[in-house]
Amino acid sequence: MKVFARLLALLVLLLAALPGHAAAPASPALPSPAPGRLTVYFLDVGQGDAALIVSPTGKTVLIDGGPPEASSRLAARLRELVKGPLDLVILTHPHLDHLGGLRAALKAVGAKRFMDPGFDHPSEAYRDLLDFVGNEVGQVMSPEPNPASPQTLLTVGLGEGVALTVLWPRVPQETFLADTRSDANANSIVTKLTYGKTAFLFTGDSEPPTEAVLLQKPVDLTATVLKVAHHGGKHSSTAAFLERVKPQAAVISCGVGNDYGHPSPEVLGRLKDVRARTFRTDQDGEVMAVSDGTTVTLRSAKGGAGAASLSGTQRAGSPVALGPIEPTPHGRAGRSVEKEPEPGTSRPRTPVEPTAPAATGGRYVSLKGSKVFHREDCSTLKRSKNERTVYSSRADALRERRPAEDCHP
């Protein structure tokens, strides 16, 4: 009997050592959003990016959706954290490690608005996502500044003084960066989230040319917490940029043992030089940051990096833009800022202070399966391969569909 018991114990140990039979308990989930606080989750999606913002009033923004293999994990986590549809989903750029889980996320909890840079990209996965978004999300938008005040930055209010400001790109006021190491990365949506004296900077996979453009702008780049660009890759997070941002904490989203060697020793060294407390999802799991408008408290699921309590240094209520935002006169764009946007980059209006639609006198179009109709020249239609229904008059379209909020037909 004793021999049998020993053999059984040995078998249990052997099974625990096999993949999928880890003996160590799973990391405890971080708590739900704190009531009356700004909460940011840097979600653990492996080698990719995904961050969830929950404002004090419950407004929600998802920035990126990680790679396809993280789809089920992301969807399950969003169901735990989000009540009702997301108020806004932002795809920073059309690469698979940022868009791969978005379809599952949208199916899981839904979304009211979707934003992406509008950068034309041949990825089939990106095109399929746009078709899905066109049918499932009520409003598709770009980070285009308000045409009525093109020298300002686009800002989305999230209630209780929380604001999300888009710093880049600024098409059509400025053309997309071109001839860079990776144009899709260089034109990532870069946003700054502010609440009282605290701030978060989200950088997508932005590149040195992106950082160079931002450094030329009269913009306050300082942030309490920095989401490090490109998973800590060496081609981003230049010393000059980090000196302007002055992050007290930096979060790197990357996968365990990834093939790219992220994060790079160079970036880790530069973050150390600016004395940023660094959290890594490959080592620390999901990271949660909670702000009361004065202090940001960070903790991680695995607890390896410990916790951090950081005092915000922003001037409460001060604008992100420190002056009029003029087009960058030069840089690596390789083209004059006065040129017309490239074909395919025309985008819907933003929902911030929308202007009244011009009378087109043209036809109106609805995509197959969609509950809304668009103007014939709407960019949402140009980006979708779905079958469509064409109406000769607005009255005909209204009998079967409601007007889309992106182009205000």
Side-chain angles (χ1 to χ4, degrees), residues 38-43 49-55 59-65 86-95 98-99 102 111-119 140-146 152-159 161-171 173-174 176-177 184-196 198-207 210-211 213-215 217-230 236-237 241 244-247 249-251 253 289 291 296 312 314 318-322 325 347 350-352:
L38 169 64
T39 307
V40 179
Y41 295 88
F42 299 91
L43 302 170
D49 262 23
L52 174 68
I53 299 166
V54 184
S55 80
K59 296 288 186 182
T60 53
V61 180
L62 177 66
I63 302 179
D64 289 328
L86 293 157
D87 290 287
L88 175 63
V89 172
I90 296 176
L91 172 62
T92 61
H93 65 292
H95 281 167
H98 291 249
L99 67 83
L102 285 181
K112 299 176 183 178
R113 298 173 179 171
F114 175 87
M115 176 194 291
D116 78 339
F119 181 82
V140 180
M141 56 187 288
S142 72
E144 176 183 341
N146 188 336
T152 62
L153 296 171
L154 170 63
T155 297
V156 179
L158 300 177
V162 179
L164 185 66
T165 301
V166 180
L167 308 183
W168 183 260
R170 302 189 69 251
V171 176
Q173 277 70 24
E174 299 180 66
F176 287 118
L177 290 167
N185 284 346
N187 292 294
S188 290
I189 293 178
V190 178
T191 55
K192 182 172 180 177
L193 176 70
T194 54
Y195 180 41
T198 64
F200 298 74
L201 190 64
F202 300 88
T203 53
D205 277 2
S206 56
E207 298 262 321
T210 323
E211 296 176 359
V213 167
L214 292 174
L215 289 172
K217 303 289 185 188
V219 172
D220 179 7
L221 295 175
T222 57
T224 319
V225 180
L226 168 68
K227 198 295 295 182
V228 178
H230 205 182
S236 302
S237 305
F241 186 71
R244 273 279 293 275
V245 177
K246 296 181 176 61
V251 180
S253 183
S291 169
V296 178
Q314 304 285 302
S318 63
V320 172
L322 304 176
I325 307 299
R347 304 287 289 163
T350 71
V352 180

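Note that the CG atom of Leu52 and the OG1 atom of Thr39 stand 9.0 Å from one another [nearest 0.5 Å]. Note that CD1 of Ile189 is 12.5 Å distant from CZ of Phe119, once rounded to the nearest 0.5 Å. Interatomic distance, Leu102 CG to Ile90 CD1, rounded to the nearest 0.5 Å: 11.0 Å. Atoms CG and OG, on Asp220 and Ser318 in that order, are 6.0 Å from each other to the nearest 0.5 Å. Taking NZ of Lys217 as the reference point, atom CD1 of Ile325 lies at 6.5 Å (rounded to 0.5 Å). Residue Thr92 holds its OG1 atom at 6.5 Å from CG of Asp49, rounded to the nearest 0.5 Å.
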Inset, instruction - List the steps, then state whether side chain to side chain contact (heavy atoms under 4.5 Å, CB included) holds for Val162 with Lys59. - result: CA-CA 10 Å; Val162 179; Lys59 296 288 186 182; over 6 Å; no

Inset, instruction - Any chance you could lay out the side chain to side chain donor-acceptor pair (under 3.5 Å) test for Thr165 and Thr155, step after step, and finish with the verdict? - result: CA-CA 4 Å; Thr165 301; Thr155 297; 3.1 Å; yes

Legend entry - Evaluation steps, side chain to side chain contact (heavy atoms under 4.5 Å, CB included), between Val219 and Leu167: CA-CA 8 Å; Val219 172; Leu167 308 183; 3.9 Å; yes

Inset, instruction - Go through the steps to decide whether Val40 and Phe202 satisfy the test side chain to side chain contact (heavy atoms under 4.5 Å, CB included), and finish with yes or no. - result: CA-CA 11 Å; Val40 179; Phe202 300 88; 4.0 Å; yes

Inset, instruction - Would you please test Ile53 and Ile63 for side chain to side chain contact (heavy atoms under 4.5 Å, CB included) and show each step? - result: CA-CA 8 Å; Ile53 299 166; Ile63 302 179; 3.9 Å; yes

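When the options Leu153, Thr191, Leu177 are evaluated for a side chain to side chain contact (heavy atoms under 4.5 Å, CB included) with Trp168, the one that passes is Leu177.
Side chain to side chain, Gln314 and Thr222 meet the donor-acceptor criterion of an N or O pair below 3.5 Å. Using modelled atom types, one finds a donor on one side chain and an acceptor on the other under 3.5 Å when comparing Thr198 with Ser291.
Without hydrogens or angle criteria, Arg113 side chain to Val89 main chain gives no donor-acceptor distance under 3.5 Å. A donor-acceptor pair is defined here as one N or O able to donate and one able to accept, closer than 3.5 Å; no such pair exists between the side chain of Ser55 and the backbone of Gly159. With Asp64 contributing its side chain and Gly204 its backbone, the two residues share no donor-acceptor pair below 3.5 Å. In this structure, Ser236 contributes its side chain and His230 its backbone to no donor-acceptor pair below 3.5 Å. Here the side chain of Lys246 pairs no donor or acceptor atom with the backbone of Thr224 at under 3.5 angstrom. For the pair Thr203 (side chain) and Lys227 (backbone), a donor-acceptor distance under 3.5 Å is present. Listed for the Thr210 side chain is a donor-acceptor partner under 3.5 Å among the backbone atoms of Ala186.
Of all heavy-atom pairs spanning Asp87 and Lys112, the tightest one is OD1-NZ, 3.2 Å. Closest approach of Pro143 to Val166, counting heavy atoms only: CB-CG1, 3.5 Å. Of all heavy-atom pairs spanning Gln173 and Pro145, the tightest one is OE1-CD, 3.2 Å. Contact record, Pro117 with Phe176: O-CZ, 3.3 Å, taken as the closest heavy-atom pair. Looking at every heavy atom in both residues, Leu154 comes nearest to Glu144 through CD2-O, 4.0 Å.
Taking the side chain as every heavy atom from C-beta outward, Val61 and Leu164 approach each other to under 4.5 Å. When side chains are defined from C-beta on, Leu193 counts as touching Leu38, because their heavy atoms get closer than 4.5 Å. Using a 4.5 Å heavy-atom cutoff, the side chains of Phe200 and Leu226 are not in contact.
Between His93 and His95, the two ring planes are perpendicular [angle over 60°; tilted spans 30° to 60°].
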